[in-house]
Protein chains: 2
Amino acid sequence: MRIALDVMGGDHAPGPIVKGAVEATRDQPGLTVVLVGPTERIEAELTQFPEADRDRLPIVEASEFITMEDKPVEALRRKRDNSIAKCWGLMARGEVKAVVSAGNTGAMVAAGLMNAKMYLPGIRRPGIAAIFPSHQGPIVIMDVGANLAAKPEDLYQYGVMGAIYSEHVLGVTAPRIGLLNIGSEEGKGNELVRAAFTLFQQSHLANRFVGHVEGRDLYEGHARVVVCEGFVGNVLLKAGEGAVEFLFSVLNQDFAQLSTALPGDLGLQLRDRLRCIKTRFEYQEFGGAPLLGIQGACIICHGSSGDRAIHNALRVAATMAEVKLNELILDALADSPAQPSHADANPVPLGSDPNPA
Amino acid sequence: MRIALDVMGGDHAPGPIVKGAVEATRDQPGLTVVLVGPTERIEAELTQFPEADRDRLPIVEASEFITMEDKPVEALRRKRDNSIAKCWGLMARGEVKAVVSAGNTGAMVAAGLMNAKMYLPGIRRPGIAAIFPSHQGPIVIMDVGANLAAKPEDLYQYGVMGAIYSEHVLGVTAPRIGLLNIGSEEGKGNELVRAAFTLFQQSHLANRFVGHVEGRDLYEGHARVVVCEGFVGNVLLKAGEGAVEFLFSVLNQDFAQLSTALPGDLGLQLRDRLRCIKTRFEYQEFGGAPLLGIQGACIICHGSSGDRAIHNALRVAATMAEVKLNELILDALADSPAQPSHADANPVPLGSDPNPA
């Protein structure tokens with residue numbers, strides 16, 4: 001199993017990115033991680049891991065990289081030798097089974113979606129699945145921003161793909177599917193969700209479809225796959241992240257005062273707990289967000305990813321390839337009531353300029 | 001100042017609702033709260049408050065009420081003598097300056113918006129403003145679900161109204177306005193936000209407009225008014241609520257174990273803190289969500305509102321009338337670059353059936 005890793009992606013690149021690759025190859029004997037980035041910097045990082053199996057950590061030179069601040073489509077055009085495009089190139093030529101990056105999400109999605117040959121046959125628009133925690137375990141929210149012009153058929157396909165990911169990668173048995181809406185009764189919401197509701201009801205997934213799910217009920221986990229349009233999903237994802245940060249900063253501030261009054265190491269214990277609980281709400285655990293509906297596999301990691309997040313992402317990417325996720329998706333789509341057309345000629349991926357000059 | 005209160009609205013009605021009214025009249029000598037609901041039940045509740053100034057707590061009989069499970073528009077038609085419609089009727093006839101309810105949000109909005117005469121002149125579509133906490137203090141998010149078919153002009157008007165609410169009710173000096181988006185650079189997002197961006201830039205609010213705000217940055221409070229389309233706003237509101245519930249349930253569970261090991265009353269102290277911090281994230285504090293853009297004032301309280309939330313909502317409603325919020329809004333709109341048309345003939349309020357048989 002070969003996976004391409006964008007060594008220059010992420011706030012802390014390249015150090016923890018290379019470290020994550022070294023750890024992943026150590027844990028998974030069948031795994032080769034192709035390190036894509038500036039050879040010299042990668043070599044320098046690798047000297048810190050003399051025990052690394054260098055045969056399974058080949059380097060592919062990419063002299064440029066796209067920053068978090070770069071405009072995705074513009075940067076992909078301007079920086080011809082960038083690490084993200086190189087990763088996708090390797091996958092397009094069949095040299096790797098998956099690509100992983102903690103870099104510019106818009107560029108990562110655009111690099112894949114600009115090449116319509118990379119779409120899985122029958123998939124109208126690929127989508128990003130984010131993994132949220134819930135009382136029942138991880139839930140899949142899809143799409144969180146790859147597609148800002150979703151049609152009802154897209155939402156249906158997100159349900160199909162999200163359920164397969166939930167079952168075969170996250171290990172959830174017969175995951176139930178819900179449609180994110182602003183009320184739980186039938187007939188609620190905007191045109192998009194009402195039409196998608198009907199599609200689900202008429203599909204072979206009808207018995208797994210639990211109908212509308214409100215934001216408030218997400219964390220109950222009654223639906224393990226929650227489908228939504230990309231703009232809403234992206235707001236949900238980022239606001240969730242912001243809320244957790246805010247809440248824990250308030251808690252930390254408050255408990256800092258309390259913990260000084262505690263005897264022995266209880267104060268320390270308290271703050272350790274808090275840190276530990278916060279981790280459960282963070283991205284690292286779930287190994288990043290997969291872009292589903294493409295030929296191969298693609299995992300987009302959070303910009304702040306450390307070595308553990310990269311390690312997890314590589315493990316998840318390998319699993320996606322091993323379980324033959326795309327074949328499962330194609331089988332499921334064959335049963336679909338929707339009439340999926342091939343990818344539009346001009347997809348509008350996240351962050352692309354929809355009004356190019 | 002007379003305000004109509006839906007005594008039958010909310011999960012705990014009528015007990016805490018009546019109590020909140022009694023407390024509000026006690027604290028605000030100039031306030032009269034018209035209690036709208038079944039006279040007998042209200043009288044029964046009032047016997048618990050012998051000290052209450054009954055002259056400032058008149059009753060208006062409403063024999064029916066709309067439940068949380070009722071379909072709003074259908075219920076408004078079927079239950080002719082319901083307390084929500086009665087409240088709005090009082091305001092339409094000028095007998096009260098404001099209406100307050102913790103009942104069915106969809107019915108509360110629909111009852112107001114079905115009567116186009118209740119729209120403030122020049123306002124295309126009224127919107128609900130929700131108050132979120134942030135590092136800088138309360139922020140206004142608008143719209144959170146009154147309008148599911150927002151146009152760029154609506155978002156602009158939400159900015160105008162939200163800023164006036166922030167300044168004159170929440171006491172924020174020259175609040176900055178942001179547009180909720182999935183990226184912070186210009187040109188990001190869907191057509192709606194891109195068009196709204198231009199409207200803000202060309203308006204007299206340009207110097208207060210900070211551009212796009214991502215979900216992640218909401219809680220930083222750099223923008224004290226964040227404008228969005230109703231579906232997104234509603235998801236944001238409810239998901240935020242769900243996240244806080246989920247997070248505190250995890251914290252409670254974890255700390256319950258820790259706190260038994262703490263000496264003295266430290267365990268109790270710890271859990272009290274946690275409860276106290278949670279309160280800061282809850283709705284009660286902010287006195288409910290105002291529906292802005294209507295003749296008069298309307299506050300929609302959370303379904304779980306207790307007497308404190310109702311008390312706060314009545315105080316806020318009184319403030320809205322006292323500061324002449326609507327006159328301020330009309331003045332600000334006169335400076336608007338947008339060409340607001342009058343309310344559409346067929347508004348689609350939250351929860352209404354957009355495809356009536």
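Just so we're clear, the structure is a prediction, and the values are computed from it rather than from any experiment. Here is how names work: the chains are called A, B, and so on, in the same order as the sequence lines, proteins then strands, and each is numbered from 1.
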Heavy-atom neighbours of E191(B) CD exceed 12 at 6.0 Å: no
Heavy-atom neighbours of Y219(B) OH exceed 12 at 6.0 Å: yes
Residue list, ring pair (Phe, Tyr, Trp, His ring centres under 6.0 Å) with F248(B), at least two apart or on another chain: none
Pairing residues for H222(A) by the ring pair (Phe, Tyr, Trp, His ring centres under 6.0 Å) criterion, not counting sequence neighbours: none
Side chain from CB out, backbone as N, CA, C, O: work out which of these in [X] comes under 4.5 Å of a heavy atom of chain A, or both, or neither.
X: I277(B); result: side chain
X: D217(B); result: neither
X: S249(B); result: side chain
X: L247(B); result: both

Output the option from [options] having the highest count of non-hydrogen pairs under 4.5 Å with chain A.
options: V232(B), V235(B), D254(B); result: D254(B)
options: E245(B), K278(B), R216(B); result: R216(B)
options: G230(B), G215(B), S134(B), G183(B); result: G215(B)

Closest heavy-atom pair and its distance - I182(A), K238(B): O-NZ, 2.7 Å
Heavy-atom closest pair, residues N190(B) and L148(A): N-CD1, 4.2 Å
Residue among L236(A), L218(A), L180(A) with most heavy-atom pairs under 4.5 Å to chain B: L180(A)
Aromatic plane relationship, H135(A) with F246(B) - under 30° parallel, 30 to 60° tilted, over 60° perpendicular: perpendicular
F231(A)/V193(B) under side-chain contact (heavy atoms from CB on, under 4.5 Å): CA gap, chis, key distance, verdict: CA-CA 11 Å; F231(A) 190 96; V193(B) 293; 4.1 Å; yes
Distance, nearest 0.5 Å, that separates CG of L274(B) from CG of L251(A): 6.5 Å
